[in-house]
Amino acid sequence: MNLRLRDDQQDALKLRAEEEGRSMHAIVLQAIDRYLEQEADRESVRKLGAKYAVRHADLLRRLGE
């Protein structure tokens, strides 16, 4: 896989890496891990929300009145 960044993104990433004493590669991997974890959490919340919306549909309808 090749990752193509805009010049401004590459410059900002390089500066951040230098400030943190880390490689650009390490920062990108961390960002990807965070993104994947957040999306997995969002999917779990969506599934649970749908499950409980069905289970408690009558209560939700009454609360909306």
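This is a predicted model, so every value here is computed, not measured.
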Sorted by chain and residue number, the side-chain contact (heavy atoms from CB on, under 4.5 Å) partners of Ala17 (sequence neighbours excluded) come out as Met24, Ile27
Across all chains, not counting sequence neighbours, the salt bridge (charged side-chain N to carboxylate O under 4.0 Å, His left out) partners of Arg55 are none
With sequence neighbours left out, the residues meeting side-chain contact (heavy atoms from CB on, under 4.5 Å) with Arg4 are Asn2
Can you check salt bridge (charged side-chain N to carboxylate O under 4.0 Å, His left out) on Asp11 and Lys14, steps first, answer last?
CA-CA 5 Å; Asp11 293 344; Lys14 184 177 181 181; over 6 Å; no
Under a side-chain separation threshold of 4.5 Å, the hydrophobic residues clustered together with Leu60 are none
**Study point:** Evaluation steps, side-chain contact (heavy atoms from CB on, under 4.5 Å), between Asp58 and Arg61
**Key:** CA-CA 5 Å; Asp58 188 52; Arg61 180 188 52 75; 2.5 Å; yes
Donor-acceptor list for residues 30-37 side chains, cut-off 3.5 Å, not counting sequence neighbours:
{"from": "Gln30", "atom 1": "OE1", "to": "Arg22", "atom 2": "NH1", "distance (Å)": "3.1"}
{"from": "Gln30", "atom 1": "OE1", "to": "Arg22", "atom 2": "NH2", "distance (Å)": "2.9"}

Students should find that the hydrophobic cluster of Leu63, defined by side-chain heavy atoms under 4.5 Å apart, otherwise consists of Leu59
Taking NE2 in His25 as the centre, count heavy atoms belonging to other residues, nucleotides or ligands within less than 6.0 Å. Is the count above 12? no
Taking the side chain as everything from C-beta on, heavy atoms only, tell me whether Leu15 gets closer than 4.5 Å to Leu13. no
Residues at least two apart in sequence or cross-chain that pass side-chain contact (heavy atoms from CB on, under 4.5 Å) with Gln38, listed by chain then number, are Arg42
The remaining residues in the hydrophobic cluster of Tyr52, counting side-chain heavy-atom contacts under 4.5 Å among Ile, Leu, Val, Met, Phe, Trp and Tyr, are Leu48
Residue set satisfying side chain to side chain donor-acceptor pair (under 3.5 Å) with Asp8, at least two apart, ordered chain then number -> Arg6
